[in-house]
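Written below as structure tokens is the structure these notes are about.
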Amino acid sequence: MPNMSLEKVKMPEQDPQVRNKNFDEVSLGYTPEQAMEEATRCLNCRKPFCMQGCPVGVPIPEFIQHVAHGEFEEAYETITRENALPAICGRVCPQENQCEGQCIRGKRKGAESVGIGRLERFVADYHREHGTKKLLNIEKNGKKVAVVGSGPAGITCAGELAKKGYDVTVFEALHKTGGVLSYGIPEFRLPKSLVQQEVDGVAELGVDFETNVVVGRSITIDELQEQGYEAIFVGSGAGLPRFQGIPGENLNGVYAANEFLTRVNLMKGYEFPNHPTPVKITDTVCVIGAGNVAMDAARTAKRLGAKNVYIVYRRGAEEVPARAEEVHHAKEEGIIFKLLTNPVKIEGENGWVKSMECVEMELGEPDESGRRRPVVKEGSNFTIETGTVIVSIGQSPNPLIRQTTPGLDTQRWGGIIVDEETMKTSKDGVYAGGDVVTGAATVILAMGAGKKAAQAIDNALKNK
Ligand code: FAD
Ligand code: SF4
């Protein structure tokens, strides 16, 4: 008999007033008993809508039935047939818009879907602690493929091709692999040891990682082709921050969110001068924007000791783009939301930020995005005293690769244009996927693109 409880089994979490002072993971994961109890809420539907919501088609009811019967290794094998990074996806996928958003258990008013993400995370963590590693016997085919970028798109593409026998080299601009999983998403949401383990798993398949190589500067795509790489996959992400273009954005104390998070996650800026890259945190920190990146920056600033951390957003609560769970966690940790508020000027003293002038907004008619357009309330200007401003209003692809690769067609906003079936670009032998194609999106979509490209590269090269 299925368990007809309307609510998910609660997942233990650190207390908000404790966790907002440390970088340990917020959510602690299910115990085997909790996972089995949650799994019995699944109806094992004949037509599982949840699977239609998963961009990589994980056999959801099948793995959940294994969990319900305590067959955790079988559950792991079922998930990893389609998803190579379940420990990461279980933690960061926006399940409420994907599998869980389609689950029929969540359709009744007041009812919650099955906790698919929590179960996926449990299965991956259980396997990490108790599972045995299977050694693959890979026969090499002597063909070389290059991958640009070691984010989820790049590592998925590299892993899939290595399993098929290709000699794969990943070129990564930073000194650390993992892309946004390492430099962007903070430790308290995604432990870095876990990301490292996933990258190590790909390296064990024989993939070679070359860090500190900026493709387009250290070496170009054309030069890689001359070196005998028969296919190249570009998964270089969308790391170029956008700014509002208001006065004062070049003052000291103004950071792009990605730069701020990189300084903290990768360069341990909070341990300056023991680590050489400083990060300045003042009593009050304003974060402009309300997406997932803004939530990560605000919650990081709080953990670094800021007393008042404001999310400053020009639209209302209903338009906040961040995941509901991240907003909930941020509020619990004491982040203050200043909605319907738009910055117009950042003011400084001796080159450093001193305050930020804002205006109040109200919502007018819907704009081209379907959301109600924010309109300035005349005469509503006010000032927030602050020493740190973190701008988090979006990112686009870095122009370096498109500027140094003749024959590579791109969108006006910089995204690489691909054939959606094969991820092939306009340049022969060059494929692309992830944020560099879609603009800032999600981990699972980047992984899906990496997997699709690997299949297309294999189809093209094995017939060559
Ligand atoms: P990236 O992860 O950006 O990786 C690209 C890699 O390419 C980087 O390592 C970069 O250094 C490297 N690179 C760039 N240019 C070059 C070059 N010229 N030569 C060599 N290497 C190069 N998504 C979710 O699903 N859930 C979340 O909770 C979530 N939270 C996020 C939080 C933050 C702070 C950020 C920034 C993003 C978040 N996202 C989230 C989005 C998600 O992380 C991205 O959609 C995903 O990482 C894109 O993967 P990618 O492989 O295309 O690019
Ligand atoms: Fe289980 Fe929900 Fe999927 Fe049905 S829709 S199989 S209840 S997870």
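First listed ligand is number 1; within each ligand, the first listed atom is number 1.
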Give a yes or no on whether a salt bridge exists between Arg91 and Asp125, defined as a side-chain N under 4.0 angstrom from a carboxylate O.
-> yes

In a check of ring-ring contact (aromatic ring centres under 6.0 Å, His included) between Phe122 and each of Tyr76, Phe72, Phe63, Tyr30, which one passes?
-> Phe72

Taking atom types as modelled, is there a side-chain donor on Glu13 or His329 under 3.5 Å from an acceptor on the other?
-> yes

Donor-acceptor pairs under 3.5 Å, side chain of residues 438-446 to any protein atom, not counting sequence neighbours: which ones?
residue : atom : partner : partner atom : Å
Thr438  : OG1  : Gly434  : O            : 3.2
Thr442  : OG1  : Leu445  : N            : 3.3

Could you pull out the N/O contacts under 3.5 angstrom between ligand 1 and the surrounding protein atoms?
residue  : atom   : partner : partner atom : Å
ligand 1 : 2 (O)  : Val180  : N            : 3.0
ligand 1 : 9 (O)  : Glu172  : OE1          : 2.7
ligand 1 : 9 (O)  : Glu172  : OE2          : 3.1
ligand 1 : 11 (O) : Glu172  : OE2          : 2.7
ligand 1 : 18 (N) : Val215  : O            : 2.9
ligand 1 : 19 (N) : Val215  : N            : 2.9
ligand 1 : 21 (N) : Ala173  : N            : 3.1
ligand 1 : 25 (O) : Val443  : N            : 3.0
ligand 1 : 26 (N) : Val92   : O            : 2.7
ligand 1 : 28 (O) : Val92   : O            : 3.4
ligand 1 : 28 (O) : Arg189  : NH1          : 2.8
ligand 1 : 28 (O) : Arg189  : NH2          : 3.2
ligand 1 : 30 (N) : Arg189  : NH2          : 3.1
ligand 1 : 45 (O) : Asp435  : OD1          : 2.9
ligand 1 : 45 (O) : Asp435  : OD2          : 3.1
ligand 1 : 45 (O) : Ala441  : O            : 3.2
ligand 1 : 45 (O) : Thr442  : N            : 3.3
ligand 1 : 51 (O) : Pro152  : N            : 3.2
ligand 1 : 51 (O) : Ala153  : N            : 2.9
ligand 1 : 52 (O) : Asp435  : N            : 2.9

If you measure from the Lys or Arg side-chain nitrogens to the Asp or Glu carboxylate oxygens, is any gap between Glu82 and Lys451 under 4.0 Å?
-> yes

When you measure from the side chain of Lys462 to the backbone N and O of Ile457, does any donor-acceptor pair fall under 3.5 Å?
-> no

